[in-house]
Number of protein chains: 2
Amino acid sequence: MASMKEVARLAGVSVATVSQVLRGTKRFTPEVEARVRAAARELGYLPDLRASALRTGRSDIVGVLLPDLSNPYFPALLNALEVAARAAGLLVLVHDSGNEVGLERHALERLASVRVDGLLWVPSDASVAGAKALPRRDLPVVTLDRPLPGRDAVYSDHAQGGRLLARHLLALGRRRVALLAGPAELPSARARRRGFLEAFEPLAPVFEGAAGFTHRLPEPVRRRLRQAVGGFDAVVCPNDAVAIGVVRVLREAGVRVPQDVCVTGFDDIPWAAMMEPPLTTVRQPLAAIGAEAVRLLLERIRAPEREPRQVMLPVELVERASTAPATAAPQEGSEPSP
Amino acid sequence: MASMKEVARLAGVSVATVSQVLRGTKRFTPEVEARVRAAARELGYLPDLRASALRTGRSDIVGVLLPDLSNPYFPALLNALEVAARAAGLLVLVHDSGNEVGLERHALERLASVRVDGLLWVPSDASVAGAKALPRRDLPVVTLDRPLPGRDAVYSDHAQGGRLLARHLLALGRRRVALLAGPAELPSARARRRGFLEAFEPLAPVFEGAAGFTHRLPEPVRRRLRQAVGGFDAVVCPNDAVAIGVVRVLREAGVRVPQDVCVTGFDDIPWAAMMEPPLTTVRQPLAAIGAEAVRLLLERIRAPEREPRQVMLPVELVERASTAPATAAPQEGSEPSP
DNA sequence: CCGGTGAGGTTAATCGATTAACCCACCTGC
DNA sequence: GCAGGTGGGTTAATCGATTAACCTCACCGG
């Protein structure tokens with residue numbers, strides 16, 4: 001692959017001249033500029049970004065470190081981040097930590113070693129919980145979704161999302177709610193629950209359960225849902241994936257959604273709109289999150305010492321067919337679906 | 001961020017020694033080795049991979065260029081690729097081309113400019129069709145899904161998938177099939193169709209339509225499906241996303257799936273198992289695709305001049321509830337779902 | 001006592017670009 | 001006629017690591 005030296009030789013000038021012409025940092029006679037460009041074109045010259053990064057200290061590459069690409073929320077987030085990064089002229093180095101602190105620490109080192117300009121990071125559950133896999137202090141970092149003390153962070157207003165759901169269900173006349181919570185160590189999951197409880201007052205859930213964040217519900221929760229059939233008229237899930245699992249369990253138990261029981265999710269991943277029935281959920285503003293995260297990261301790169309910021313973005317209730325007004329009397333799950 | 005020079009100074013040796021100790025390429029007295037390691041640890045030294053890449057010519061970074069991250073198949077593929085790459089000690093630079101030749105060409109240049117060791121590439125529709133956005137000849141490339149002349153390629157046996165579906169439907173007694181095809185310029189889509197037609201002989205579809213590759217069906221196809229209700233007892237879709245759209249249209253038209261009409265997909269994206277009804281589809285062996293692609297890429301990097309290879313991987317029929325045996329008489333779409 | 005060998009380090013070139021500093025010729029103004 | 005610009009290039013240091021080549025002893029055998 002042709003280097004600047006070869007371009008310089010072909011054009012009959014020094015490498016300095018080539019560099020300066022190509023970057024437009026100095027003016028030359030039209031004749032020389034033309035010769036340089038022609039030579040570059042002829043050799044198919046492409047600057048070696050490793051070399052310029054080495055010299056200038058900027059690579060225009062950012063790392064994105066995610067806990068689990070197989071969880072549908074993260075690809076959606078990744079997409080948003082990639083779009084925002086691309087718009088800012090940045091390349092994206094993705095890494096999946098498998099939600100494991102060990103691997104995560106390793107990934108952080110590796111990314112620091114490539115000298116990415118900065119890092120967009122969704123910390124693993126354990127990291128959030130305190131088992132710190134902290135990146136070097138000198139690596140600009142913006143955390144997503146899960147704020148970390150002393151770092152810039154971008155996240156949605158989870159509590160508000162919880163409140164919106166509570167109000168929505170109340171407005172529909174649903175008062176016997178089963179509330180499933182996500183991983184207890186995640187502030188986002190806790191905020192969703194908190195917001196819900198707050199706006200649901202003075203009522204309280206008929207029961208609560210810990211469901212994690214995937215569609216594979218823990219056995220206790222499945223059992224609980226089946227046993228309590230008829231005892232609740234709505235299930236509030238910590239995210240969309242869980243909602244999918246819940247709808248499935250309810251269906252199997254012969255419960256109609258939304259007539260007998262409403263189900264709500266959180267995130268508005270693409271599935272939500274597409275499932276049967278389409279899911280009422282709270283939309284996280286992914287595009288805005290991506291844009292904001294990149295903006296914050298660039299600012300932090302420019303001013304490493306500035307006070308860290310937390311940016312909270314508004315969420316939005318998306319009403320779909322998985323929720324509907326309560327009918328006259330709460331019915332038993334009587335008519336099994338096909 | 002500490003450099004080797006500082007480590008050398010702290011340890012009281014030359015940078016050469018530091019390099020050699022840390023890489024273990026030469027032996028020193030235990031005493032010196034200890035001093036070097038201690039110094040490195042104390043300074044939190046991390047080698048600058050840009051610099052070593054510059055010197056050694058290998059960065060252990062591969063590019064992954066995809067047409068559209070918002071299409072659910074690609075995140076799934078990306079995940080597989082990332083896992084395989086990680087297992088081989090490679091970092092992944094993702095880039096979304098938006099399925100646009102212009103952006104794609106730009107991306108290829110950018111990736112070549114960072115001097116990635118190689119590229120895993122799913123060419124855009126247009127690139128496949130001939131509007132070439134070819135990467136430089138000197139950049140090792142493995143194409144995925146969509147073979148390109150003179151390049152290494154990894155893809156699934158799409159034709160076989162088509163055949164499996166045809167046989168499956170025939171075995172179920174479904175003979176009046178509507179066949180939807182994907183983008184005509186994609187060999188994969190064509191192979192699926194071809195395989196189906198071949199194994200469906202001597203029968204033929206009652207009608208065909210061009211549906212693209214997303215769940216948003218073109219209006220003509222929607223209309224056609226609605227008008228022809230009762231005239232077909234199965235719809236074969238070019239991929240899972242389209243199948244989702246089809247199920248929805250059929251439902252709205254009051255058709256029961258699978259009783260009245262079977263629907264099949266292709267890919268086995270995560271949704272397939274989760275939708276209502278769970279989708280019968282053909283599974284692409286993503287993990288194997290990822291592993292094979294990375295293997296091929298590493299080989300090509302090692303031996304740039306070797307004859308290009310095409311690796312075709314076997315697919316697998318996944319039977320789920322969206323297909324079922326034909327009942328006695330083909331019924332009209334009579335019982336609208338809720 | 002001398003040449004040879006090997007262990008243990010160092011010197012210096014190199015990868016490819018960037019950029020401050022410098023050099024030279026020519027022009028301008030007084 | 002000369003100080004002082006200025007336009008148009010070049011020289012050379014530098015970023016951080018790698019590695020071939022070399023240097024210096026100590027030790028060994030004859």
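Chain letters run A, B, ... following the sequence lines, proteins first and then strands; every chain starts at 1.
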**Complete:** Between CG of A:Leu54 and C1' of D:dA17 the distance, given in whole Å, is 8 Å
**Complete:** Going 5' to 3' through nucleotides 6-13 of chain D and flagging B where a protein heavy-atom sits under 4.0 Å of the base, S where only the sugar-phosphate is that close, and - otherwise, we get --SBBB-B
**Request:** Indicate whether any N or O donor in one side chain lies under 3.5 Å from an N or O acceptor in the other, for A:Ser127 and A:Glu104.
**Result:** yes
**Asked** How long is the line joining CE of A:Met4 and P of C:dT19, in whole Å?
**Response** 11 Å
**Prompt:** Taking OP1 and OP2 of C:dT18, is either one under 4.0 Å from a side-chain nitrogen or oxygen of A:Ser19?
**Reply:** yes
**Message:** Under 4.0 Å from OP1 or OP2 of D:dA17: is there any side-chain N or O of B:Arg50 that close?
**Reply:** no
**Complete:** Residues at least two apart in sequence or cross-chain that pass salt bridge (Lys or Arg N to Asp or Glu O under 4.0 Å) with A:Asp68, listed by chain then number, are none
**Item:** Note, B:Leu144 side chain near B:Leu81 side chain (heavy atom, < 4.5 Å)
**Value:** yes
**Request:** Using distance alone, with no hydrogens and no angle criterion, decide if A:Ser156 and A:Gln284 have a side-chain donor and acceptor under 3.5 Å apart.
**Result:** yes
**Message:** Would you say that more than 12 heavy atoms from the other residues, nucleotides or ligands in this model lie under 6.0 Å from the CZ of B:Arg27, or not?
**Reply:** no
**Prompt:** To the nearest Å, how far apart are A:Arg23 CZ and C:dG16 P?
**Reply:** 18 Å
**Request:** Could you tell me whether the phosphate oxygens of C:dT14, OP1 or OP2, come under 4.0 Å of any side-chain nitrogen or oxygen in A:Lys5?
**Result:** no
**Message:** Below 4.0 angstrom, which residues in residues 42-49 of chain A have at least one non-hydrogen atom near DNA chain D?
**Reply:** none
**Message:** Treating A:Glu109 as the side-chain partner and A:His106 as the backbone partner, does any N or O pair qualify as donor plus acceptor under 3.5 Å?
**Reply:** no
**Message:** Distance alone, cut at 3.5 Å: any donor-acceptor contact between the side chains of B:Ser59 and B:Asp117?
**Reply:** yes
**Message:** Could you measure the distance from the CG atom of A:Asn71 to the CG atom of A:Leu66? Nearest 0.5 Å is fine.
**Reply:** 9.5 Å
